[in-house]
Amino acid sequence: MLALAGFPLGLRFVFLDPEQEACAAPLGEHILGRFDDHEQLSRFAERAHVVTYEFENVPDESIKLLAKCAPAFPNTASLVSARDRLKEKRLFQQLDIPTPPFAVVNSRADLDQSVASIGFPAILKTRTLGYDGKGQAIVRSPEDLDFAWARLGGAPLILEKFLQFQREVSVLGVRGRTGKMAFYPLTENVHHKGILRASRSCPGDQLETQAQGYVQLLLDHLGYVGVLALEFFQNGDTLLANEMAPRVHNSGHWTIEGAETSQFENHLRAILGLPLGGTAAVGHSAMINIIGELPELAQVLAIPGAHIHLYEKTPRPGRKLGHVTVQGSNEQEFEAGVERLLRVVCWRDMTEDTS
Ligand code: AMP
């Protein structure tokens, strides 16, 4: 999606991806290599004028190597904080961004102690490499502790209070090379089993200014360049930061059709030192992820205001295969489109739950 946004700006792309079937490969030159393969990294960097990542777990050594050949954004400090839940939460605390109560868990004894202070229910999470609900276990009673420890113990962990939040929301901010910033409207998100299912833009939401203020603190503190997403739980009038993503983010996919400038184009503008584009919403937008199996293309396209984006990935349970955005200026027609789309896009793991 970055490449698709870049072509109209006259940009061309080289991708480093360890997958033979990399979905970006048809859009540019594909260099097949792991993110720690120094030979392929060098080949890649020699071809680049500017480097960016859409994955925070690129090793620091590799970023250093890349940065010798071309400017690389976002900077290492941003990736280091984002890839470790403990460092990330400590950064939030340092900037006075509220978080759910949490504790460090490095041993079974730590787990007992943390539960005693945080209480049930709680959620045990690996500090690194967790995404889409992977590396997490909910503990609701003392009986769950052994099972959760057997599953996750051994890796560095944190225990968080499991919140009964009202909503999950996120905000995307973008900061250019000169330090100029812009913020997208607040987005409301629905997750299930740790996976983002759907997002809706909520421009002018009463919590938007609060959320954008927190993103601004992060962008400034990190000297960040590019798009960054910050996800929150809403508890009354309070936002508690869950995690940040130092990259374009799934909860901002609606911006392709639903904002003056998409998150992808603005990320490219930022890392290239170009002026940022407007971030205001254009009408109403909602985005629904296609997960596990593909819908009937004709059924999706029959919905007024629907735009489909397929990622050319082989279907497999739980895998994000694409997304659909419904966009429109007429609220009634837009809501009807969302309703219709929800009937066409099937998340089998959700329906199995309720059957
Ligand atoms: P994460 O990987 O931390 O973003 O978690 C994935 C999803 O799990 C979140 O979007 C929430 O839906 C749920 N979740 C994570 N942490 C908590 C928590 N402390 N309380 C309630 N739900 C949570």
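Count residues from 1 along the sequence.
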Roughly how far, to the nearest 0.5 Å, is the [atom2] atom of [Y] from the [atom1] atom of [X]?
X      : Y      : atom1 : atom2 : result
Ser62  : Phe35  : OG    : CZ    : 9.0 Å
Asp349 : Ile291 : CG    : CD1   : 7.0 Å
Asn289 : Lys320 : CG    : NZ    : 5.5 Å
Thr255 : Phe264 : OG1   : CZ    : 6.5 Å
Arg247 : Leu2   : CZ    : CG    : 11.5 Å
His309 : Leu321 : NE2   : CG    : 14.5 Å

For [X], give me all partners under side chain to side chain donor-acceptor pair (under 3.5 Å), at least two apart in sequence or on another chain.
X      : answer
Lys64  : none
His249 : Ser251
Glu168 : His191
Arg175 : none

Problem set entry | Under the ring-ring contact (aromatic ring centres under 6.0 Å, His included) test, residues paired with Phe147 that sit two or more places apart |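 Partners of Phe147 by the ring-ring contact (aromatic ring centres under 6.0 Å, His included) criterion come out as none, since no residue qualifies.
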Exercise. Would Lys313 and Glu21 pass as an ion pair if we require N to O under 4.0 Å?
Worked result: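 Answer for the salt bridge query: no.
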Problem set entry | Ion pair check, Arg200 and Glu335, cut-off under 4.0 Å |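 A salt bridge links Arg200 with Glu335.
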Exercise. How far apart are the C-alpha atoms of Arg269 and Glu265, what are their side-chain angles, what is the distance that settles it, and do they pass the salt bridge (charged side-chain N to carboxylate O under 4.0 Å, His left out) test?
Worked result: CA-CA 6 Å; Arg269 289 184 185 216; Glu265 181 174 333; 2.7 Å; yes
Exercise. Between Asn189 and Ser170, does any side-chain donor sit less than 3.5 Å from a side-chain acceptor?
Worked result: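 Note: Asn189 and Ser170 side chains meet the donor-acceptor criterion.
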For this session: State whether a side-chain donor-acceptor pair under 3.5 Å links His253 with Gln263.
Result: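 Yes - a donor-acceptor pair under 3.5 Å links their side chains.
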Problem set entry | Selection residues 209-237 - residue pairs positive for side-chain hydrogen bond (donor to acceptor under 3.5 Å, both in side chains), sequence neighbours left out |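 Applying side-chain hydrogen bond (donor to acceptor under 3.5 Å, both in side chains) to every pair that reaches into residues 209-237, excluding sequence neighbours, yields Arg167-Gln234.
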Problem set entry | Over all atoms of both residues, closest heavy-atom pair of Ala211 and Val171 |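 Scanning both residues completely, I find the closest heavy atoms to be CB-CG2, 3.6 Å.
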Problem set entry | Non-hydrogen atoms of Glu208 and Leu186 that approach each other most closely |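 In terms of heavy atoms, the two residues are closest at OE2-N, 2.9 Å.
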Exercise. Hydrophobic cluster mates of Met287, side-chain heavy atoms under 4.5 angstrom, ILVMFWY only, any path?
Worked result: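 Members besides Met287, by chain and number: Leu196, Trp254.
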With sequence neighbours excluded, what pairs up with [X] under the side chain to side chain contact (heavy atoms under 4.5 Å, CB included) test?
X      : answer
Gln164 : Pro121, Phe162
Thr76  : Asp60, Ile63, Val80
Pro101 : Lys161

For this session: Run the ring-centre check on Phe232 versus Phe165 and record whether the distance is less than 6.0 Å.
Result: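 No, the ring of Phe232 stays outside the 6.0 Å limit from the ring of Phe165, centre to centre.
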Please set out all donor-acceptor pairs under 3.5 angstrom arising from side-chain atoms of residues 92-99, sequence neighbours excluded.
none

For this session: For salt bridge (charged side-chain N to carboxylate O under 4.0 Å, His left out), just list the numbers for Lys89 and Glu160, CA-CA rounded to whole Å, side-chain angles, deciding distance to a tenth of an Å, and then say yes or no.
Result: CA-CA 11 Å; Lys89 288 214 160 40; Glu160 268 176 46; 3.0 Å; yes
Look at the side chain of [X] and the backbone N and O of [Y], then say whether any donor-acceptor pair between them is shorter than 3.5 Å.
X      : Y      : result
Asp110 : Asn106 : yes
Ser285 : Ala281 : no
Gln166 : Gly236 : yes

Exercise. What do the steps show when you test Met1 against Val248 for side-chain contact (heavy atoms from CB on, under 4.5 Å), and what is the final call?
Worked result: CA-CA 10 Å; Met1 285 181 274; Val248 286; over 6 Å; no
Problem set entry | Single-linkage hydrophobic cluster, 4.5 Å side-chain cutoff, Leu276 and Val215 together |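 No, Leu276 and Val215 fall in different hydrophobic clusters.
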Exercise. If two hydrophobic side chains count as joined below 4.5 Å and joins carry through other members, does Leu157 share a cluster with Phe102?
Worked result: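 As far as the 4.5 Å side-chain criterion goes, Phe102 and Leu157 are not connected within one cluster.
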Side-chain donor/acceptor pairs under 3.5 Å, residues 325-334, sequence neighbours excluded:
residue: Thr325; atom: OG1; partner: Glu257; partner atom: OE1; Å: 3.3
residue: Gln327; atom: NE2; partner: Val282; partner atom: O; Å: 2.5
residue: Asn330; atom: OD1; partner: Gln332; partner atom: N; Å: 3.0
residue: Asn330; atom: OD1; partner: Glu333; partner atom: N; Å: 2.9

Exercise. In terms of ring plane angle, is the pair His323 and Tyr311 parallel, tilted or perpendicular, where the classes change at 30° and 60°?
Worked result: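 It falls in the tilted class, 30° to 60°.
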For this session: Check the pair Thr128 / Asp84 against side-chain hydrogen bond (donor to acceptor under 3.5 Å, both in side chains), numbers first and verdict last.
Result: CA-CA 5 Å; Thr128 57; Asp84 181 334; over 6 Å; no
